[in-house]
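Notes to accompany the following structure.
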Amino acid sequence: MRIATWNVNSVRTRIDRVTAFLQRHDVDVLALQETKCRDDQFPALPLHELGYETAHVGLDQWNGVALISRVGLDDVRTQFAPEQPLFGADAPVLEARSIGAVCGGVEVWSLYVPNGRELDHPHYHYKLAWLEQLRATAAQWLADDPGKQVALTGDWNIAPQDEDVWDMAAFEGSTHVSEPERAAFRSVLDAGFTDVVRPYTEGAYTYWDYQRLAFPKRMGMRIDFILASQALAARVNGAMIDREERKGKGASDHAPVIVDLD
DNA sequence: ATGCCTATCCTCGATAGA
């Protein structure tokens, strides 16, 4: 079975790239982030025509996450826990940042971790609270069922190690590399999850800014991850980052991340 | 060195992205 995750940065703009990607890599389950549309705007038809089921949650033009599967799509949930933090000063809202379902016996989550914006911004505290609740929830899943096969996939908006950005000096005082964010990411690993892609893609990035020729200059970041529970990690036999997908006109600023299971 | 930012909408400027 092959599972992929991709911050597509608008699914409507890039639906042709999505269908081409699914076919090019023979993908069974694809988790999308930043679909940037409402449920009624999600382009499900071309995916159904290829034999995939779809589940999507999107409230407006911001955020939005989806699961696309041809190996089953059961028990769909549009928040990882009832306690998933809300955002907004006046009227806090549950943003469309997580969707999970059981696909071919694996519980797959498409996660879009809040960006954080600035270190002193309310969004940064929201990001840390969101990650802490995800950790607590995922730890409880494994406490209830140590053999559970779970994939926490998506755009984590954290570069966990210095090698995950092209130049640490360029990120002085920025989000994505701060110690609290890195500690939050490590705490998810400590809860019983493993980055199953890194061993196969040493030194690779998953994101390159649209500006300043970042992609050809190799000024990238590794911020998209597939974390697997122990039972799932034991099935992994390969992984890759589809850097080709970042090339050309109309590319997302993120590349898809793929993992292969026995 | 696959290109000098891109997507959205209550759209021509503001907001968000990382």
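Small disclaimer: the values here were computed from a predicted structure and weren't measured. Here is the naming used below: chain letters follow the sequence lines, and residue numbers restart at 1 for every chain.
- Counting any heavy atom pair closer than 4.0 Å across all strands shown, A/E181 reaches no nucleic acid atom.
- The CE-C1' distance, from A/M219 to B/dC4, rounds to 11 Å in whole Å.
- The salt bridge (charged side-chain N to carboxylate O under 4.0 Å, His left out) contacts involving residues 40-57 of chain A comprise A/R38-A/D40, where partners must be two or more places apart or lie in separate chains.
- An OP1 or OP2 oxygen of B/dT6 is reached within less than 4.0 angstrom by no side-chain nitrogen or oxygen of A/T13.
- Distances shown here put every side-chain N or O of A/R243 at or beyond 4.0 Å from the OP1 or OP2 atom of B/dA1.
- Across the C1' atoms, B/dT6 and B/dA18 are found 13 Å apart, a figure rounded to whole Å.
- Annotation: B/dT2 and B/dT8 have their C1' atoms spaced 26 Å apart (nearest Å).
- Using a 4.0 Å cut-off between a side-chain N of Lys or Arg and a carboxylate O of Asp or Glu, A/R97 and A/D155 do not qualify as a salt bridge.
- For A/F193, the ring-ring contact (aromatic ring centres under 6.0 Å, His included) criterion is met by no residue, not counting sequence neighbours.
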Quick one, give me the B/S/- string for nucleotides 10-18 of chain B, reading 5' to 3', where B means a protein heavy atom under 4.0 Å from the base and S means that only happens at the primed atoms, P, OP1 or OP2.
-> -----BSBB

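- The salt bridge (charged side-chain N to carboxylate O under 4.0 Å, His left out) analysis of residues 203-229 of chain A, with sequence neighbours excluded, yields the pairs A/D164-A/R222.
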Working for salt bridge (charged side-chain N to carboxylate O under 4.0 Å, His left out), residues A/E245 and A/R24 = CA-CA 11 Å; A/E245 180 53 51; A/R24 184 166 75 251; 3.0 Å; yes

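- When each of B/dG3, B/dA1, B/dT8 is scored by its nearest atom to the side-chain atoms of A/F215, the top-ranked nucleotide is B/dG3.
- Checked against ring-ring contact (aromatic ring centres under 6.0 Å, His included), A/H48 has no partners two or more places apart in sequence or in another chain.
- Atom CD in A/E245 sits about 12 Å away from atom C1' in B/dT2, given to the nearest Å.
- Distance noted for atom C1' between B/dC10 and B/dC4: 32 Å (whole Å).
- Rounded to an integer number of Å, the gap from A/D242 CG to B/dT2 C1' is 14 Å.
- Pairs engaging residues 248-262 of chain A under the salt bridge (charged side-chain N to carboxylate O under 4.0 Å, His left out) rule: A/R2-A/D260 [sequence neighbours left out].
- The nearest whole Å value for the distance from the CH2 atom in A/W208 to the P atom in B/dT6 is 16 Å.
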